Amino acid sequence: MSSITVTVIDREGTRTEGVDWKDYESLMEALTRHKYPILATCGGNASCSTCHAYLDPEAFRKSGGTNEEEEDLLEMLDDTRHETSRLSCQVEWSEDLDGAEVTIAPEW
Ligand code: FES
């Protein structure tokens, strides 16, 4: 099993470095394991948007950007969507994302 670490900025603006993310988890699963307040009501199926997060631009690029299902949902989030928005349940673990900065998006 491998693991990487990311920096997480929560909705209060608190920044935590060294948050571990294991290779069998989606980013959403890593965040919820660390008790970040992500509801993930759809269970990781790209249909609820409660796992919305922003990646730093380099990590966004390395993550491969949004997939089609994700894009459909993000399009509905006009106010909170940024250029580097992802549904964290759709972000797959990759060694390349070691050191990424993840900001949890506001609740809508
Ligand atoms: S957990 Fe529902 S969209 Fe990601």
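Order of listing sets the numbers, starting from 1, for every ligand and every atom in it. FYI, the numbering just counts along the sequence from 1. From a predicted model like this one, the values you see are computed outputs, not experimental measurements.
Atom CD of Glu95 has 12 or fewer neighbouring heavy atoms from other residues, nucleotides or ligands inside a 6.0 Å radius. The 12-atom threshold is not exceeded at CD of Glu58, counting heavy atoms of other residues, nucleotides or ligands nearer than 6.0 Å.
In this structure, CZ in Arg33 is found 4.5 Å from NZ in Lys22, a value given to the nearest 0.5 Å. A distance of 9.5 Å separates CG in Asp56 from CD1 in Ile9, rounded to the nearest 0.5 Å. Going from atom CD of Glu25 over to atom OG of Ser88 covers 11.5 Å, rounded to the nearest 0.5 Å.
Cluster partners of Phe60 are Ile4, Val6, Val8, Val19, Trp21, Leu27, Met28, Leu31, Tyr36, Ile38, Leu55, Val91, Trp93, Leu97, Val102, Ile104, counting Ile, Leu, Val, Met, Phe, Trp and Tyr whose side-chain heavy atoms approach within less than 4.5 Å, directly or via other members.
Around atom 4 (Fe) of ligand 1, the protein atoms of type N, O or S found under 2.8 Å away are Cys51 SG, Cys89 SG, listed by chain and number.
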